[in-house]
S.K.: 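A single structure is presented below for examination.
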Protein chains: 2
Amino acid sequence: MWLTMLQLSDLPTEEILQRFAQRYPEADVTAIASFLMLLRVATDLSMALDACLSKHDLLQGRWWVLILLMREQDLTSQPSVLAEKLGVTRATMTGLLDGLEQGGLVQRESVPQDRRSVQIKLTAAGQAKLDAVMPDYYSRLRLCMQGLSERQRSDLQSILGVIDRGLSAWDFHQ
Amino acid sequence: MWLTMLQLSDLPTEEILQRFAQRYPEADVTAIASFLMLLRVATDLSMALDACLSKHDLLQGRWWVLILLMREQDLTSQPSVLAEKLGVTRATMTGLLDGLEQGGLVQRESVPQDRRSVQIKLTAAGQAKLDAVMPDYYSRLRLCMQGLSERQRSDLQSILGVIDRGLSAWDFHQ
DNA sequence: TTGACATAATTAGGAAACTAATTATAATGT
DNA sequence: ACATTATAATTAGTTTCCTAATTATGTCAA
């Protein structure tokens, strides 16, 4: 799904927020500000991740698939399972796997027990690609987060947990 | 830019993170967990926003453009300025404006002073669309964030600020 | 056993973003 | 004045996602 977001510098000023709140009494100014800042920073992080991956000829979607495969004991999974975990459609997963297979990073293997199904296996080249990318990614992430104390990290996670649980209320409103 | 993210239920377990940290000593486990949770919740929020907007026949990109126009005193701006603020290319903005103009929500007006340029104006229909959407969006956002104290909201914003400033270190690492 | 339904993966076609090239106009320096 | 360069918007073509339809296979119940 696309995430298009205002630049950090163009988040609404206090004054603009007040103006909107005046027209729309439903507005909760601090909720809006927190929400926008959250989307903004997540977008920046995601773009930074893209930039890092692109230096290794990878795109985020394909990279996530490699990681999911590496998590498995036998480095193997199924397209439908991968799609579910990644939150994309099966059609999209077919495309991601096509790209990865073409690059030799994964391999499709037929499953005798269920001939509708396919096993996806991380190849040696796929593992090597991860071994090249992950240290780079982890180093950058460490630097990027080093300004946060352990206390702040756990605060962040619990705050995010509250928001995520609050999200269930989103849909029930009509 | 696309943001594809693991489902919340499929964020790495403590055990998986430890396994990755063992293979990649660069890994900072709490940094990774916070990062993934942040992307995850932002993705959920963005999808919830999409769902809300789609009930009003709007997509996020176009909706942001309407909001940017409403912020202006004269409800008017230029494609290049809008593109800059939204963080999309001018080509993308042309497409967004095409869609909005077709729906009668904005209007292109020529600028005598500079005939290369175009003024984009929010129409009455565009303002009416916002007046229909914003109360719905603000109500949901209020509900979704109501579990957070004011203290937590400001904590969140300062933590996000630290991360965003930390992001500048991302690119300097090679 | 066979008809109805469910499931796995893919294909086909469409939407919306991107980059790069194009068109038109403005600004600048010699 | 006029050639060069810069700027505003658009068009053309590619990518990757989506939904819906398709193909193939498996499951289950009458």
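Per chain, numbering begins at 1; letters A, B, ... match sequence-line order.
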S.K.: Among C/dA8, C/dT10, C/dA15, which is the nearest nucleotide to the side chain of B/Leu59?
M.R.: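 Among C/dA8, C/dT10, C/dA15, the one nearest the side chain of B/Leu59 is C/dA15.
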S.K.: Output the single nucleotide from C/dT11, D/dA9, C/dA9 whose closest atom is nearest the side chain of A/Ala91.
M.R.: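 The answer is C/dT11, which lies nearest to the side chain.
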S.K.: Considering only side-chain heavy atoms of A/Arg62, which listed nucleotide, C/dT10, C/dT19, D/dT16, is closest?
M.R.: D/dT16
S.K.: Looking only at the side chain of A/Pro79 (C-beta and beyond, no hydrogens), which of the listed nucleotides C/dA12, C/dA9, D/dT11 gets closest?
M.R.: C/dA9
S.K.: For A/Arg108 and C/dA9, give me the distance from atom CZ to atom P, rounded to whole Å.
M.R.: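 Whole-Å distance recorded here is 10 Å.
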S.K.: Look at the aromatic rings of A/Trp63 and A/Tyr137 and report parallel, tilted or perpendicular, splitting at 30° and 60°.
M.R.: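 Because their plane-to-plane angle is over 60°, the rings of A/Trp63 and A/Tyr137 count as perpendicular.
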S.K.: Identify whether B/Leu59 and B/Val88 are in the same connected component of the hydrophobic contact network (ILVMFWY, side-chain heavy atoms under 4.5 Å).
M.R.: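 Different clusters: B/Leu59 never reaches B/Val88 through Ile, Leu, Val, Met, Phe, Trp or Tyr contacts under 4.5 Å.
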S.K.: Would you indicate, yes or no, if D/dA9 has its OP1 or OP2 atom less than 4.0 angstrom from a side-chain nitrogen or oxygen of B/Ser80?
M.R.: yes
S.K.: Going by an N to O cut-off under 4.0 Å, is there a salt bridge joining B/Asp28 and A/Arg153?
M.R.: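 Yes, charged N to carboxylate O under 4.0 Å.
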S.K.: Rounded off to whole Å, could you give me the CG-to-C1' distance for the B/Leu96 and D/dT11 pair?
M.R.: 16 Å
S.K.: Polar pairs (N or O, both sides) under 3.5 Å between protein and nucleotides 1-7 of chain D?
M.R.:
from	atom 1	to	atom 2	distance (Å)
D/dT7	O2	B/Arg116	NH1	2.9

S.K.: Taking atom P of C/dA16 as reference, at what distance in whole Å does atom CG of B/Leu53 sit?
M.R.: 13 Å
S.K.: Starting from P on C/dA26, measure out to CD on B/Gln78 and report it in whole angstrom.
M.R.: 13 Å
S.K.: Round to the nearest Å and state the distance from B/Ile120 atom CD1 to D/dT10 atom C1'.
M.R.: 12 Å
